[in-house]
Amino acid sequence: MLQNYRTIKQDHQHEIEIKKSRFICFLKRIDSEEEAKNFIQQLKKEHWKANHNCSAFVLGERSKIQRSSDDGEPSGTAGVPMLEVLKKNDLINVCAVVTRYFGGTKLGAGGLIRAYSGAVAQAIADIGIVEGRLQQEVLIQLDYSNWGKLENFLTAQKITVKDTQFTDQVVATCMVDETQVPAFEEQITDLLNGQANFTLGEVSYFEQVIQEA
């Protein structure tokens with residue numbers, strides 16, 4: 001499994017206009033090539049009056065699956081530039097479709113490349129990027145008297161606290177990179193003079209925004 005990955009924050013739609021041509025970029029998080037193809041076909045049906053529905057997607061570890069389509073635009077002016085934007089941002093599991101409604105003015109090869117790549121780049125910037133890191137849930141059980149000290153430490157170290165339960169004791173569920181768990185537990189043990197108990201929960205990807213919209 002990947003230790004970390006980057007993808008879009010969520011599905012999104014963003015439109016730009018260049019010389020009266022409308023370029024509508026649709027971004028979708030995908031888990032399979034079939035899902036990407038279905039998404040592309042769905043948009044082609046919805047926008048059947050559009051002149052072009054160009055597409056690109058990256059999928060899997062190290063972006064091992066990469067596909068693009070110019071959908072009738074001059075070769076290399078749409079799909080590949082769109083794909084390059086996804087790759088430049090190190091994104092995986094993302095499908096981009098740019099629907100073009102022609103406005104009457106030809107843009108030329110360079111203009112098309114800038115329009116299609118720009119539509120995708122602006123859509124990504126508009127919605128934001130998240131990084132998913134493979135992390136271990138570490139449940140820390142401690143007395144109320146030590147909670148303030150632990151809370152300050154977690155805030156200072158920017159450790160994500162997924163959940164906090166307050167019963168007869170405090171149980172804080174922290175998200176820690178798998179490789180950092182032993183060091184993390186040692187730090188907490190030293191901080192609280194051994195007055196804490198640890199339980200390991202699930203291992204899962206935890207996403208955090210790294211590029212705000």
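For reference, positions follow the sequence shown, starting with 1. What's counted below: heavy atoms across the whole structure, side chains too, no hydrogens, waters or symmetry copies.
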Of all the heavy-atom pairs spanning H12 and A123, show the shortest one and how long it is. CD2-O, 3.5 Å

In terms of relative ring orientation, are F184 and F153 parallel, tilted or perpendicular, with 30° and 60° separating the classes? tilted

Applying side chain to side chain contact (heavy atoms under 4.5 Å, CB included), name anything that partners A36, two or more places apart in sequence or on another chain. I30, F57, C95

Do Y116 and L43 sit in the same hydrophobic cluster, where Ile, Leu, Val, Met, Phe, Trp and Tyr count as joined when their side-chain heavy atoms come under 4.5 Å apart? no

Run the numbers on K20 and T105 for side-chain contact (heavy atoms from CB on, under 4.5 Å), then give the verdict. CA-CA 7 Å; K20 297 185 179 180; T105 301; 5.8 Å; no

Kindly determine whether E35 and K28 satisfy side-chain contact (heavy atoms from CB on, under 4.5 Å), including the steps that lead there. CA-CA 10 Å; E35 187 177 4; K28 182 175 177 60; 3.7 Å; yes

How many angstroms lie between CD1 in I92 and CD in E61, if you round to the nearest 0.5 Å? 7.5 Å

Set out, in order, the CA-CA distance, both residues' side-chain angles and the distance that settles side-chain contact (heavy atoms from CB on, under 4.5 Å) for E178 and Q3, then state yes or no. CA-CA 9 Å; E178 274 194 304; Q3 287 299 313; 4.1 Å; yes

Walk me through it: do H47 and F26 pass the test ring-ring contact (aromatic ring centres under 6.0 Å, His included)? CA-CA 12 Å; H47 294 272; F26 301 89; 5.4 Å; yes

Quick check on the hydrophobic clustering: are I18 and I113 connected, directly or via other members, by side-chain heavy-atom contacts under 4.5 Å? no

According to the salt bridge (Lys or Arg N to Asp or Glu O under 4.0 Å) rule, which pairs have a member within residues 146-163, sequence neighbours left out? E137-K162

For I16 and G118 the tightest heavy-atom approach is CD1-C, 4.4 Å

Say you draw a straight line from CD of E33 to CG of N38; how long is it, rounded to the nearest 0.5 Å? 11.0 Å

Find the distance between CG (L150) and CG (D143) and round it off to the nearest 0.5 Å. 12.0 Å

Going hydrophobic residue to hydrophobic residue with side-chain gaps under 4.5 angstrom, can you get from Y101 over to L107? no

Which distance, rounded to the nearest 0.5 Å, do you find between the CG of L139 and the OG1 of T164? 10.0 Å

Can you see which heavy atom on I140 is nearest to which on A196, and at what distance? CG2-CB, 4.0 Å

Do L192 and V161 belong to the same hydrophobic cluster, where Ile, Leu, Val, Met, Phe, Trp and Tyr are linked whenever their side-chain heavy atoms lie under 4.5 Å apart, directly or via other members? yes

Closer than 3.5 angstrom, by distance alone: can the side chain of T99 be matched with the main-chain N or O of N53 as a donor-acceptor pair? no

Do F23 and Q122 come within less than 4.5 Å of each other through their side chains, counting heavy atoms only? no

Considering non-hydrogen atoms only, spot the tightest contact between F39 and V97 and give its length. CE2-CG2, 3.9 Å

CD (E73) and CZ (R100) are apart, to the nearest 0.5 Å, by 5.0 Å

Could you give the side-chain donor-acceptor pairs of residues 74-84 under 3.5 Å, partners two or more places apart or in another chain?
residue : atom : partner : partner atom : Å
T77     : OG1  : P74     : O            : 2.6
E84     : OE2  : K87     : NZ           : 3.3

Cluster overlap L142 with V176, hydrophobic side-chain contacts below 4.5 Å: yes

Report the residues that fulfil side chain to side chain contact (heavy atoms under 4.5 Å, CB included) with L91, sequence neighbours left out, ordered by chain and then residue number. R6, I8, L86, N89, V94, I124, I129

Could you report the tightest heavy-atom contact between N93 and G60, atom names first, then the distance? OD1-N, 2.9 Å

Output the distance between atom CG (D90) and atom CZ (R62), rounded to the nearest 0.5 Å. 13.0 Å

Listing, residues 197-207 side-chain donor-acceptor contacts under 3.5 Å, not counting sequence neighbours, or none:
residue : atom : partner : partner atom : Å
Y205    : OH   : L2      : N            : 3.2
Y205    : OH   : L2      : O            : 2.6
E207    : OE1  : R29     : NH1          : 3.1
E207    : OE2  : Y5      : OH           : 2.6
E207    : OE2  : R29     : NH2          : 2.6

Atom of C174, atom of L154 and distance for their closest heavy-atom approach: SG-CD1, 3.8 Å

Any side-chain to backbone donor/acceptor pair from N152 onto G148? Under 3.5 Å, distance only. yes

Under the side chain to side chain donor-acceptor pair (under 3.5 Å) test, residues paired with N146 that sit two or more places apart: Q195

